[in-house]
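Values below: every heavy atom of this structure, side chains too, minus hydrogens, waters and symmetry copies.
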Amino acid sequence: GGRLCAGSRAGEGSGGQVLLFLEAGSVTSGDIVDEDPVTGSGGTDVILAEGASWSGMLRGVHNFTSSSGSFAFVDEIDITGDLFANGTGFSFSDPGGSIGGNVILGGGATTTGAAIGSPITVGGNVDIDRESVLGGNWAISGNLTNSGRIAPGNPIGRISVDGDLTLLPGSILDMEIDSDDADVIEVGNMAVLDGSVQVTPLARALIDTPYPVVDAAGGISGTFSEG
């Protein structure tokens with residue numbers, strides 16, 4: 001608990017760079033905070049080696065890079081740069097938070113969490129490799145490209161994409177429906193469909209009722225194979 005790393009950027013220190021490295025297999029908790037004004041290339045980068053586990057609050061961090069392990073974010077996160085995950089399990093709290101750059105999920109990485117009303121906002125693009133799963137609620141300013149699996153919500157959820165949605169061959173949309181709601185991906189531009197969609201009915205799901213799982217303002221091309 002408490003503070004694991006707290007940046008102080010008074011005067012000439014405002015441009016300093018901090019690298020926080022958590023060793024392979026380590027189990028750590030505590031907040032990582034760097035919220036003072038930054039100049040130039042200053043900032044805090046966090047790197048978690050293979051199998052490291054951490055839980056805590058994350059505020060004002062530049063880039064966050066992890067290799068396997070599990071991470072439970074406490075409260076609203078603030079990453080000004082990119083989130084790189086290789087085989088990592090991320091659990092976001094209901095307040096969600098913001099990632100200013102790109103999100104890259106690889107090597108079986110997974111995400112869960114964030115409430116529908118407070119999704120994780122992403123300033124750049126999100127890319128999911130064939131082994132990884134994007135779960136939870138997201139609001140993505142750029143493009144979303146999926147080679148793996150997308151499973152919105154906790155359970156019912158929303159993913160909004162201001163740019164394009166591209167579902168590549170072999171990808172899976174894992175969607176849940178109930179009597180008056182369903183998982184949905186709302187796309188501001190084009191949606192290119194491929195891969196398959198798997199639908200799980202929850203309690204009181206209605207038979208022979210259409211549920212739009214992808215809604216694209218710029219149109220839809222392609223089709224799903226049978227799920």
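For Asn154 (side chain) and Gly113 (main-chain N/O), a donor-acceptor pair under 3.5 Å exists by modelled atom type. Side chain of Asp45 to backbone of Asn63: a donor-acceptor contact under 3.5 angstrom is found. With hydrogens and angles ignored, the 3.5 Å screen pairs a side-chain donor or acceptor of Asp31 with a backbone N or O of Met57. For Asp183 (side chain) and Gly157 (main-chain N/O), a donor-acceptor pair under 3.5 Å exists by modelled atom type. Not a single donor-acceptor pair under 3.5 Å links the side chain of Ser55 to the backbone N or O of Phe71.
Interatomic distance, OG of Ser171 versus CG of Leu193, reported as 9.0 Å (0.5 Å rounding). Rounding to the nearest 0.5 Å places CG of Asn146 at 4.0 Å from CD1 of Ile128. Summarising the geometry, atom CD belonging to Glu176 is positioned 5.5 Å from atom OG1 belonging to Thr200; distances are rounded to the nearest 0.5 Å. Note that CD1 of Ile177 is 8.0 Å distant from CD1 of Ile156, once rounded to the nearest 0.5 Å.
Sorted pairs that involve residues 151-195 and meet ring pair (Phe, Tyr, Trp, His ring centres under 6.0 Å), not counting sequence neighbours, are lacking altogether. A salt bridge (Lys or Arg N to Asp or Glu O under 4.0 Å) check over residues 77-103, counting only residues at least two apart or in different chains, returns nothing. Listed by first and then second residue, the salt bridge (Lys or Arg N to Asp or Glu O under 4.0 Å) pairs that reach into residues 156-173 are Arg158-Asp181, sequence neighbours excluded. Note on residues 130-142: pairs passing side-chain hydrogen bond (donor to acceptor under 3.5 Å, both in side chains), not counting sequence neighbours, are Asp129-Ser132. Each salt bridge (Lys or Arg N to Asp or Glu O under 4.0 Å) pair with one or both residues in residues 139-151, not counting sequence neighbours, appears once here: Arg149-Asp174. Screening residues 95-136 for ring pair (Phe, Tyr, Trp, His ring centres under 6.0 Å), with sequence neighbours left out, gives no hits. Annotation: side-chain hydrogen bond (donor to acceptor under 3.5 Å, both in side chains) contacts involving residues 108-127, sequence neighbours excluded, are absent.
Residue Ile104 belongs to a hydrophobic cluster whose other members are Phe84, with links defined by side-chain heavy atoms closer than 4.5 Å. The hydrophobic cluster containing Ile47 also includes Leu19, Phe21, under a criterion of side-chain heavy atoms closer than 4.5 Å among ILVMFWY residues, counted directly or through chains of members.
The two residues Pro119 and Ile116 come nearest to each other via the heavy atoms CD-O, 3.5 Å. Between Met175 and Pro152, the shortest heavy-atom distance links the atoms SD-CD, 3.7 Å. Taking every heavy atom of both residues into account, Gln198 and Ile172 meet most closely at CD-CG2, 3.9 Å. Nearest heavy atoms, Gly163 versus Val187: O-CG1, 3.4 Å. Heavy atoms only, all atoms of each residue included: Gly188 and Ala217 are closest at O-CB, 3.6 Å. When all heavy atoms of Phe224 and Ser196 are compared, the pair lying nearest together is CD2-C, 4.0 Å.
Of the listed residues (Ser68, Ser66, Ser67, Ser70), just one forms a side-chain hydrogen bond (donor to acceptor under 3.5 Å, both in side chains) with Thr88, and that residue is Ser66.
Aromatic ring orientation, Phe64 versus Trp54: tilted (interplanar angle from 30° to 60°).
Applying the side chain to side chain donor-acceptor pair (under 3.5 Å) rule to Asn102 yields no partners; only residues at least two apart in sequence or on another chain are considered. Applying the side chain to side chain contact (heavy atoms under 4.5 Å, CB included) rule to Pro169 yields the partners Asp194; only residues at least two apart in sequence or on another chain are considered. Residues that satisfy the side chain to side chain contact (heavy atoms under 4.5 Å, CB included) test with Ser93, not counting sequence neighbours, are Pro95.
Counting only heavy atoms from C-beta outward, the side chains of Thr28 and Leu48 never approach each other to under 4.5 Å. Side-chain contact between Ile32 and Leu20 is present, with heavy atoms from C-beta onward closer than 4.5 Å. Between Ile150 and Leu167, the closest side-chain pair of non-hydrogen atoms falls below 4.5 Å. Side-chain contact between Val197 and Val214 is absent, with no heavy atoms from C-beta onward closer than 4.5 Å. Residues Arg59 and Asp75 have side chains in contact (heavy-atom distance under 4.5 Å, counting atoms from C-beta outward). Residues Leu173 and Ile185 meet the side-chain proximity criterion, which asks for heavy atoms closer than 4.5 Å. Considering only heavy atoms from C-beta on, Ile120 stays 4.5 Å or farther from Val103 through its side chain.
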Check against side chain to side chain contact (heavy atoms under 4.5 Å, CB included), Ile159 and Leu165: CA-CA 11 Å; Ile159 295 176; Leu165 169 68; over 6 Å; no

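Grouping the Ile, Leu, Val, Met, Phe, Trp and Tyr side chains by contacts below 4.5 angstrom, directly or via other members, places Val213 apart from Leu168. One hydrophobic cluster, built from ILVMFWY side chains closer than 4.5 Å, cannot hold both Ile79 and Val74; they sit in different ones. Taking hydrophobic clusters as Ile, Leu, Val, Met, Phe, Trp and Tyr residues chained together by side-chain heavy-atom distances below 4.5 Å, Leu22 shares a cluster with Leu83.
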